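Structure first, commentary second.
Only heavy atoms go into these numbers, but all of them, side chains included; no hydrogens, no water, no symmetry mates. All values reported here derive from a predicted model rather than from experimental measurement. Labels below follow one simple rule: chain letters A, B, ... track the order of the sequence lines, proteins then strands, and each chain is numbered from 1.
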Amino acid sequence: MTLTFFNTLDRRRQEFKPIHEGKVGLYTCGPTVYNYAHIGNFRAYMFEDLLRRTLKFFRYDVTQVMNLTDVDDKTIRDSRKAGLPLREFTGKYIRAFFEDLKVLNIEPAEFYPAATDHIPEMIEMIRILMEKGFAYQAEDKSVYFSIDKFPEYGKLAKIDRENQLSGVRIRNDEYAKDSVADFALWKAWDEADGDVAWESPWGKGRPGWHIECSAMSRRYLGDSFDIHTGGIDNMFPHHEDEIAQSESVSGRKWVNYWLHCDHLMVDGDKMSKSLNNFYTLRDLLDKGYKGREIRMVLLGAHYRKKLNFTFEALDQAREALRKFDDFFRRLREVQVPGAADDATKKILADALNAFSSGLGDDLNISEGMAALYDLQRELNKRIEGGTLSAEGAEAALALFREFDRVLGVLQVDASAEAVPEAVKTIAEARQAARKNKDYAASDRCRDELKALGYVVEDIPGGGYRIKAL
RNA sequence: GGCGUGGUGGCCGAAAGGUUAGGCGGAGGUCUGCAAAACCUUAUAAACCGGUUCAAUUCCGGUCCACGCCUCCA
């Protein structure tokens, strides 16, 4: 089983080789907590969850760090607008963020460092950069990183500085910097910051955005680690700047594999408030969709491709999951005695193989899911034909549990919801009417059940089954 | 303007230089009092124009379209 990733660093697929045998250090850019995260944000977190789960599926011991950006222009601006202290303001959205992660069944990372809890680490890094001559304090008292001092600048985004600058207008307020592309490590305090400020060797102020990630990854993962991920739009300048800072501090290669996920679109357009296609997770839950249905949609496309989010896709996901639920129930009900036959063992082994090679191939989720559907069809045939034994069914269920360690959307062992007595009574009455061939009465019972939100399915042999709609 | 990604059947979405992706939906059938579920069968494709090749949806070039980054938006 090999694991291959498309590394943005050189735009090629590469076999994954961790720094430390069997272990993976993973840094994932987290949310800026100034509002509820929207489903576009969650596409990235879902991709990172799939990555994390796949690494674990391949038996790696994963240490994931996801930062919480709780101090920046937006958090400061909006907390002041709300008339709340920064921490109180961001706390609300941090709590919401964790609730949302739970709804989507996203596995928790090992560390969720908040920027405001790591100011000393950031100051320390800036101090080293100053000492080594990579940074300077400008007239405006802010500290900037001088990209002229880092010749490899642009190696991730493949940005040629000459080209890049030719198209960018130089703004008047950037006069303080030596070069327009230099970025802030430490921002000197100004009016707009209110009471948000920390003391530093360069005066009162707050950290720049990029240094947050560099400092927190260094604290929890060291000077070099395996994988850094994020949305494609953070590739430049954010990730490029992180590389410049981190590698200048340590003098070593910082990250071995960079993985970037593409955007989520809604109805073919970029999500925006003006198009009225801007959804938070909560908006979708309010419309009656379940977390796992949304997760299923978000899992639907390869992470490096744009994912078009539609309500039709949500409905399709719901249907596919319903069929799985039904399928697992049928597997659990298999009564045929005997051990699993070789042919069954083989299709299970083949499915595991196909699933693993799909996921191992740069997280090709579509191939992985195809393996599940193929297996489902094969097993259905066996159930239908009565050739699947209870032991075979149990082996199949165990395999689907294994798949779900990666997917996190199946409910292999979901117990049926308790059916109210009233419903049972009507269903029983219907069965009695059917036995008497009073089909008009039988159909009336079915209508009553439907009104209560239940359907009844007859099983060959005289039994029936009640299901919630 | 510079750089980059992509356009696959009604919808979603893979792989591969020649051999069925898969899912949802549709059609026909088996089963059923009817229905549902399940199973079987099946149809629908590769933006456009050139080129390379015995063979291209798959490689190359161009056109059109969409999207992204260059403006601290995943």
Side-chain angles (χ1 to χ4, degrees), chain A residues 11 28-32 37-48 69 72-74 154 157-169 171 181 183-184 187 208-210 212 229-238 240-241 260-265 268-272 296-297 300-310 312-324 326-327 329-330 354 358 361 364-374 376-377 379-385 433-434 437-440 442-443 446 450 455-460 464-465 467:
Chain A
R11 316 284 152 114
T28 50
C29 278
T32 300
H38 56 71
I39 50 168
N41 297 320
F42 285 114
R43 200 236 166 144
Y45 305 136
M46 272 298 307
F47 144 63
E48 285 150 1
T69 298
D72 78 323
D73 291 351
K74 285 173 301 207
K158 303 276 181 262
I159 280 183
D160 176 345
R161 277 193 57 214
E162 309 293 317
N163 271 344
Q164 177 220 344
L165 296 178
S166 67
V168 177
R169 264 184 237 132
R171 295 208 308 256
F183 55 91
K187 294 190 161 195
W209 180 40
H210 313 301
E212 297 184 4
T229 67
I232 191 168
D233 48 350
N234 268 160
M235 190 163 88
F236 192 89
H238 185 49
E240 197 70 59
D241 291 350
H260 289 96
C261 90
D262 209 325
H263 279 246
L264 176 121
M265 315 280 286
D269 285 303
K270 185 179 176 178
M271 191 162 42
S272 73
M296 187 75 173
V297 172
H302 185 80
Y303 74 93
R304 281 189 290 111
K305 287 216 165 180
K306 279 181 250 305
L307 170 65
N308 191 26
F309 184 89
T310 62
E312 198 184 345
L314 265 175
D315 293 334
Q316 290 186 3
R318 170 175 288 179
E319 184 58 21
L321 288 173
R322 208 217 84 242
K323 286 194 176 180
F324 272 120
D326 231 47
F327 168 64
R329 184 185 44 65
R330 261 179 281 119
D361 181 17
N364 190 331
I365 185 71
S366 300
E367 288 214 332
M369 288 305 294
L372 262 74
Y373 289 119
D374 288 341
Q376 185 186 28
R377 187 159 15 83
L379 290 169
N380 265 327
K381 281 189 207 176
R382 278 154 215 266
I383 295 172
E384 191 80 2
R434 282 187 72 217
K437 302 211 187 296
D438 184 356
Y439 296 120
S442 162
D443 290 344
R446 180 150 54 203
K450 197 176 174 187
V455 287
V456 57
E457 290 174 4
D458 297 321
I459 300 169
Y464 64 91
R465 174 186 299 141
K467 282 163 62 173

Checklist entry - Can you check the A/Asp326 CG to B/C39 P distance for me, whole Å? => result 10 Å

Item to check | d(CZ, A/Phe324; P, B/A38) in whole Å | outcome: 12 Å

Checklist entry - In terms of side-chain heavy atoms of A/Arg330, which of B/C73, B/A37, B/C39 is nearest? => result B/A37

Item to check | Nucleotide of B/A74, B/C39, B/G33 approaching A/Tyr439 most closely (side-chain heavy atoms) | outcome: B/G33

Next on the checklist: Side chain of A/Pro237 only, heavy atoms from C-beta on: which candidate in B/A14, B/C70, B/G68 is closest?
Outcome noted: B/C70

Checklist entry - What's the NE2-C1' distance between A/His302 and B/G6, to the nearest Å? => result 13 Å

Item to check | Atom-to-atom span, CZ of A/Phe183 to C1' of B/U71 - whole angstrom | outcome: 16 Å

Item to check | Nearest-Å distance for atom pair CG/P, residues A/Leu307 and B/G68 | outcome: 15 Å

Checklist entry - Between A/Asn308 and A/Met265, is any pair of side-chain heavy atoms under 4.5 Å apart? => result yes

Next on the checklist: Distance check, rounded to the nearest 0.5 Å: A/Glu48 atom CD versus A/Cys261 atom SG?
Outcome noted: 7.0 Å

Next on the checklist: At under 4.0 Å between heavy atoms, how does the protein contact nucleotides 22-29 of chain B? Give one character per nucleotide, 5' to 3', with B, S or -.
Outcome noted: SBBS----

Checklist entry - Contact class for A/Asn380 vs. all strands (heavy atom < 4.0 Å): base, sugar-phosphate, or nothing? => result sugar-phosphate

Item to check | Minimum-distance nucleotide to A/Glu457 side chain [options: B/C34, B/A36, B/A74] | outcome: B/A36

Next on the checklist: Under 4.0 Å, counting only non-hydrogen atoms across every strand here, what does A/His260 touch: a base, just sugar-phosphate, or nothing?
Outcome noted: nothing

Checklist entry - What does B/C48 pair with, Watson-Crick or G-U, if both distances are under 3.5 Å? => result B/G62

Next on the checklist: At 4.0 Å (heavy atoms only), tell me whether A/His263 reaches a base, stays on the sugar-phosphate, or touches nothing.
Outcome noted: base

Next on the checklist: Just N and O in the side chain of A/Lys381: are any of them under 4.0 Å from OP1 or OP2 of B/C40?
Outcome noted: yes

Checklist entry - What's the verdict on side chain to side chain contact (heavy atoms under 4.5 Å, CB included) for A/Arg318 and A/Leu321, showing C-alpha distance, side-chain angles and the deciding distance? => result CA-CA 5 Å; A/Arg318 170 175 288 179; A/Leu321 288 173; 6.0 Å; no

Checklist entry - Mind checking what makes ring pair (Phe, Tyr, Trp, His ring centres under 6.0 Å) contact with A/Tyr373, not counting sequence neighbours? => result A/Phe324

Checklist entry - Is the shortest side-chain N/O distance from A/Asn308 to OP1 or OP2 of B/C12 below 4.0 Å? => result yes

Checklist entry - Say you pick atom C1' in B/A56 and the same atom in B/A16; how far apart are they, in whole Å? => result 11 Å

Checklist outcome for this item: Rounded to whole Å, CG of A/Leu264 lies from P of B/C12 at a distance of 13 Å

Next on the checklist: Base, sugar-phosphate or nothing for A/Asp241? Non-hydrogen atoms, less than 4.0 Å.
Outcome noted: nothing

Checklist entry - Who passes salt bridge (Lys or Arg N to Asp or Glu O under 4.0 Å) against A/Glu457, sequence neighbours left out? => result A/Arg465, A/Lys467

Item to check | P spacing across the pair B/G6 / B/U44, given as an integer number of angstrom | outcome: 29 Å

Next on the checklist: Base, sugar-phosphate or nothing for A/Asp458? Non-hydrogen atoms, less than 4.0 Å.
Outcome noted: base

Checklist outcome for this item: Atom CG of A/Asn234 and atom C1' of B/C70 are separated, to the nearest Å, by 14 Å

Checklist entry - Quick one: on RNA chain B, does A/Cys261 or A/Ala157 contact a more 5' nucleotide (nearest heavy atom)? => result A/Ala157

Checklist entry - Reckon A/Arg304 touches a base, only the sugar-phosphate, or nothing at all at heavy-atom distances under 4.0 Å? => result nothing

Checklist outcome for this item: With sequence neighbours left out, the residues meeting ring pair (Phe, Tyr, Trp, His ring centres under 6.0 Å) with A/Phe42 are A/Tyr45

Checklist entry - What does A/Gly230 touch in the nucleic acid at a heavy-atom separation under 4.0 angstrom: a base, only the sugar-phosphate, or nothing? => result sugar-phosphate

Checklist entry - Is A/Arg318 touching bases, backbone alone, or none of the nucleic acid, heavy atoms closer than 4.0 Å? => result nothing

Checklist entry - Quick one: is B/C73 close enough that its OP1 or OP2 comes under 4.0 Å of any side-chain N or O from A/Lys74? => result yes

Checklist entry - Taking only residues two or more places apart in sequence or in another chain, which ones pass ring pair (Phe, Tyr, Trp, His ring centres under 6.0 Å) with A/His238? => result A/Trp209, A/His210

Checklist entry - When rounded to the nearest Å, what value does the distance between P atoms of B/A43 and B/A27 take? => result 16 Å

Checklist entry - Under 3.5 Å, side chain of A/Asp361 to main-chain N/O of A/Asn364, donor-acceptor pair present? => result no

Checklist entry - Which is true for A/Met265 with a 4.0 Å heavy-atom rule: it touches a base, it touches only sugar-phosphate, or it touches nothing? => result sugar-phosphate

Checklist entry - A/Asp374: what forms a side-chain hydrogen bond (donor to acceptor under 3.5 Å, both in side chains) with it, not counting sequence neighbours? => result A/Arg377

Checklist outcome for this item: Here the distance between atom C1' of B/C34 and atom NZ of A/Lys450, to the nearest Å, is 14 Å

Checklist entry - Partner of B/G68 by Watson-Crick or G-U wobble geometry, both contacts under 3.5 Å, or none? => result B/C3

Item to check | Span that lies between the C1' atom of B/G10 and that of B/A15, in whole angstrom | outcome: 23 Å

Next on the checklist: Students often get this wrong, so: under 4.0 angstrom with heavy atoms, is A/Ser442 touching a base, only sugar-phosphate, or nothing?
Outcome noted: base

Next on the checklist: Looking at B/G10, which nucleotide sits across from it as a Watson-Crick or G-U wobble partner, both distances under 3.5 angstrom, or is there none?
Outcome noted: B/C24

Checklist entry - Base, sugar-phosphate, or nothing: which does A/Val456 touch, judged by heavy atoms less than 4.0 Å apart? => result base

